[in-house]
Participant: 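The structure that follows is given in the form of structure tokens.
Chain identifiers are assigned alphabetically (A, B, ...) following the order of the sequence lines, protein sequences preceding nucleic acid strands; residue numbering begins at 1 within each chain.
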Number of protein chains: 2
Amino acid sequence: MNITEIAKKAGVSKATVSNVINGKLSKVSDETRERVEKIIKEEGYKPNVMARSLVKKESRLIGVVVPYLGKDEDFFANPYNAHIIASLEKFIRANDYYLMLRCVGDPREIVPLLSSWNVDGAFFLGIYKDEVPQIKSQIDIPIVFLDTYAPGEEIVNIGIEDYRGGYLSARYLISKGHSKLALVTPDISSEGVIKERYRGFYDACREAGIPFKKGNIYNTESTYPSAVQVGQDIAFGGGDYTAIACMSDIVAFGVIEGLKQCGIRVPYDISVIGFDNLPDCELMTPKLTSVAQDFEWKAKKASDYLFKMIEGKCHLVADERQHIRVVERQSVRALSDRT
Amino acid sequence: MNITEIAKKAGVSKATVSNVINGKLSKVSDETRERVEKIIKEEGYKPNVMARSLVKKESRLIGVVVPYLGKDEDFFANPYNAHIIASLEKFIRANDYYLMLRCVGDPREIVPLLSSWNVDGAFFLGIYKDEVPQIKSQIDIPIVFLDTYAPGEEIVNIGIEDYRGGYLSARYLISKGHSKLALVTPDISSEGVIKERYRGFYDACREAGIPFKKGNIYNTESTYPSAVQVGQDIAFGGGDYTAIACMSDIVAFGVIEGLKQCGIRVPYDISVIGFDNLPDCELMTPKLTSVAQDFEWKAKKASDYLFKMIEGKCHLVADERQHIRVVERQSVRALSDRT
DNA sequence: GTGTTGCAGTAAATCGGTTTACTTATCGTT
DNA sequence: AACGATAAGTAAACCGATTTACTGCAACAC
């Protein structure tokens, strides 16, 4: 069933049917409109999106691009992604758009595809600064980046106060009497949320007069299995830590598991703080103390910007960062009057 | 940049460019092909997907339809969905298709949209039997249902042995000496995985000569907050249970939390078994004993069927159900010689 | 020398919509 | 009565690809 058949059945031209569908009231009399609408309903006719997009040059399609990590190559390797995607989906749907989801190794490779799909806009999750220019230059639809650091680039980015998050993480541990700190984190060398968190963490240590050396950094992927390994390494490594800061919750989960497997108890033997505040923090015992970010807030902000740009046919520049805090639970113990 | 411009630059017709793109070797000489390919690469040209779909009547788009539950209206309300989606995305990508994700209240409402998008195929997650006929009748692209019970309908369904899962759940508890059982479950009246699991559970109890009454059923949504509430209800309800079977992990997580909040310890005071074997089972303390299903298997099977149907332009009928087992962890205690 | 076959390539139709430019009829003004 | 404005509707062009039917031309068989 297509527009031509509807037009024939209603005894009008395609143009008139199109005008009815698109609510161009001034072009159609009430009488004809009703007749056409009746037939459309009877036939259960829905206009072909492809044909419409072709001429309108808009698709009501929003791309969501998620870089994958590790070898699993799915977005759930870090559940954080899943939360964000779930929230974004909700807002995309609420705005009557459609979500095209794609995980990628290198986000740059997806850009030509996005434009060949005529997507009206896109969200990019966790892109690195040096990937931004290529993305921007290859496509000029509205894009909202989440958790990207690219000062100087004219983009819309929604994130959190990562520096402050790292800072709070360290401050919190220190306030509980810890001074022998380990840090478990993905690569801190690229510009990005992790580097910022690390900087905050480092500065807080310095301010408190606590020596924090590169040797206290344990490298991991943002995946559970990788972090379990690190937990074991720490357990066996003989480093004399009283607390471990993790740069994401999924890493903290893994580290705790790794420690447990080696007979080390959290928080009695060693304290652990996470970052993200995934709902799973509540599930475990001890419940994970974590630096909290609000996914819903992020997704809402990001969507607001994206749809403002799409509907206003304009480009905005913004860098909004959510104010965050530590959610205190049970995985960090106060070192009171013991050493 | 479109095909006409490429054709002009290369001094050939659109048809030739099209033939180059689509690898119709017999229609183009090597010389021309190379020239055209060079220009395509130089210009970074990608054919417009919409235009191609319009004439080819295929879009390389796969719909993934996820019913939402509760009032959150996002797929993460039950993390189980997120796992399946993540796996499906991986296989869809591997087959060079694109994933259109949509959560819905009523799955039937999405069908006209799918067809207006010319999607080449679709996955429906957790649809009820009585929704199937309408879905099938409104659209005739290949569809694979996951976790649907619709005997007699000519569909492809991929699921697990739910009856056996419920049966194993009860058997396991009983084998550990439990006889005072509660069941926490979403509505068991609709045909579907839950009803099957319930039937298995019920039969296992009967076989073992253990009375299981409707009064031992606690109703919940498949969401964490709802299950927490139920956990509290059970704690306060004074029912003298030694073990609780939950029909999904997310529910078990919530129940355990609810119990904990009321000072009841798992598994010392009461045992809990889940269903799904989400990775989160490993995170918590006690680690959750659960009836295991393998998401990756499901997504792989489902994709194999879908792409076989799409590429073979045929309809298949199948009902494959994964053989499942109980993964024993720590949330169920053996009631040895204590009443 | 004629007929057949295969190769390389093209013009035009097509997919299912939207949009533009144009027509006709009706009405109100002056 | 002539003029313009507005309302209602249409034919045809267009979006960017694919596909069909056709054209020359060279090679080959008989």
Participant: Can you list the residues that meet the ring pair (Phe, Tyr, Trp, His ring centres under 6.0 Å) rule with A:Tyr149, with sequence neighbours excluded?
Facilitator: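 Not a single residue meets the ring pair (Phe, Tyr, Trp, His ring centres under 6.0 Å) criterion with A:Tyr149.
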Participant: For A:Ser190, check side chain to side chain donor-acceptor pair (under 3.5 Å) against everything at least two apart and list the hits.
Facilitator: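 Counting only residues at least two positions away or on another chain, A:Ser190 forms a side chain to side chain donor-acceptor pair (under 3.5 Å) with A:Asp187.
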Participant: Who are the ring pair (Phe, Tyr, Trp, His ring centres under 6.0 Å) partners of A:Tyr98, not counting sequence neighbours?
Facilitator: B:Trp117
Participant: Just the rounded figure in Å: distance from C1' of D:dG16 to CH2 of A:Trp117.
Facilitator: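 The answer, rounded to whole Å, is 15 Å.
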Participant: Going by an N to O cut-off under 4.0 Å, is there a salt bridge joining B:Lys41 and B:Glu37?
Facilitator: no
Participant: Taking Watson-Crick and G-U wobble pairs with both distances under 3.5 Å, convert DNA chain C into its dot-bracket string, 5' to 3', dots for unpaired and | for cross-strand pairs.
Facilitator: ||||||||||||||||||||||||||||||
Participant: Ignoring backbone atoms, test whether B:Thr32 places a side-chain nitrogen or oxygen under 4.0 Å from the OP1 or OP2 oxygen of C:dG9.
Facilitator: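 Yes, such a contact exists.
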Participant: Once side chain to side chain donor-acceptor pair (under 3.5 Å) is applied, do any residues pair with A:Ser116, and if so which ones, sequence neighbours excluded?
Facilitator: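 Expected list: none.
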Participant: Report all interatomic pairs (protein N or O, nucleotide N or O of nucleotides 24-26 of chain C) with separations under 3.5 Å.
Facilitator:
none

Participant: What does nucleotides 15-22 of chain C look like as a protein-contact string, B for base, S for sugar-phosphate only, - for none, at under 4.0 angstrom between heavy atoms?
Facilitator: BBBBB-B-
Participant: Nearest-Å distance, CD (A:Glu31) to P (D:dA7)?
Facilitator: 17 Å
Participant: What side-chain donor-acceptor pairs closer than 3.5 Å can you find for residues 129-136 of chain B, not counting sequence neighbours?
Facilitator:
residue: B:Glu131; atom: OE1; partner: B:Tyr128; partner atom: N; Å: 2.9
residue: B:Lys136; atom: NZ; partner: B:Glu154; partner atom: O; Å: 3.3

Participant: With heavy atoms under 4.0 Å as the rule, sort B:Val12 into base, sugar-phosphate or nothing.
Facilitator: sugar-phosphate
Participant: Give me each pair satisfying salt bridge (charged side-chain N to carboxylate O under 4.0 Å, His left out) with a member in residues 46-69 of chain B, each pair once, sequence neighbours excluded.
Facilitator: none
Participant: Taking the ring centre of each residue, are A:Tyr97 and A:Phe307 less than 6.0 Å apart?
Facilitator: yes
Participant: Who passes ring pair (Phe, Tyr, Trp, His ring centres under 6.0 Å) against B:Phe295, sequence neighbours left out?
Facilitator: B:Tyr80, B:His83
Participant: Side-chain N or O of A:Thr16 versus OP1/OP2 of D:dT10: is the shortest distance under 4.0 Å?
Facilitator: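 Yes, within the criterion.
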Participant: Test of understanding: with salt bridge (Lys or Arg N to Asp or Glu O under 4.0 Å), list the residues that count as partners of A:Asp120, not counting sequence neighbours.
Facilitator: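 Result, salt bridge (Lys or Arg N to Asp or Glu O under 4.0 Å) vs A:Asp120: none returned.
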Participant: Who pairs with A:Tyr45 by ring pair (Phe, Tyr, Trp, His ring centres under 6.0 Å), at least two apart in sequence or on another chain?
Facilitator: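 Counting only residues at least two positions away or on another chain, A:Tyr45 forms no ring pair (Phe, Tyr, Trp, His ring centres under 6.0 Å).
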